[in-house]
Amino acid sequence: MISYEKEILRIKADCYSNQWQIDTVIGLRNYINNNFNEKLNLDLFSRIRFVSKYHLLRLFKRYYGQTPNQYLIDKRIQKAKEYIKKGFSISETCYKVGFESLGSFSSLFKRKTGFSPKSYQKSNFR
């Protein structure tokens, strides 16, 4: 290959690389994984990753198939299941995973798992 062709390919790779996008969504996912119990929202995510919240929303959905908020809810429910299995109370679990309302926690938990938190707790202590 001629040297100018190599240079063109190098420039093309630099200009059209998706590495920034990949780093952005992976960084956001890691942030959510480490801070799921805090009050998180799209405005905060966009400030952390230095990108428009709407662009961030599209990128995250493109790479993970769900919005950051959907991912956050799934992460919280996953952790709630772990805490319930460890013996934490329902209300303790609710606040420990970052929900502010026991009612919203219970309805989301039931929608995602098919069980109310109490039913899930009882099924794990048999």
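Counting from 1, the numbers follow the sequence of the chain as shown.
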Rounded distance (nearest 0.5 Å) linking atom [atom1] of [X] with atom [atom2] of [Y]:
X	Y	atom1	atom2	value
K96	Y83	NZ	OH	5.0 Å
L59	W20	CG	CH2	5.5 Å
S116	F105	OG	CZ	10.0 Å
N37	N34	CG	CG	10.0 Å
L56	S46	CG	OG	7.0 Å
K110	S107	NZ	OG	10.0 Å

Is a side-chain N or O of R49 found less than 3.5 angstrom from the main chain of V25, in a donor-acceptor match?
no
Under the 3.5 angstrom rule, does the side chain of S106 hit a backbone N or O of G103 as a donor-acceptor pair?
no
Indicate the ring-plane relationship of F60 and Y71, choosing parallel, tilted or perpendicular according to the 30° and 60° boundaries.
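Rings of F60 and Y71: perpendicular, as their planes differ by over 60°.
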Side-chain touch [X]/[Y], heavy atoms, less than 4.5 angstrom:
X	Y	value
R58	R62	no
F115	I84	no
F109	I90	no
I73	I77	yes
L44	Y31	yes
P68	L28	yes
K81	Y120	yes

Of the non-hydrogen atoms in [X] and [Y], which two are nearest, and what is the gap between them?
X	Y	answer
R76	E38	NH2-O, 2.6 Å
K61	T67	CD-CG2, 4.3 Å
L40	F36	CD1-CA, 4.2 Å

Would you call K79 and E82 a salt bridge, using N to O less than 4.0 angstrom?
yes
Between Q21 and Y63, a side-chain donor and acceptor under 3.5 Å
yes
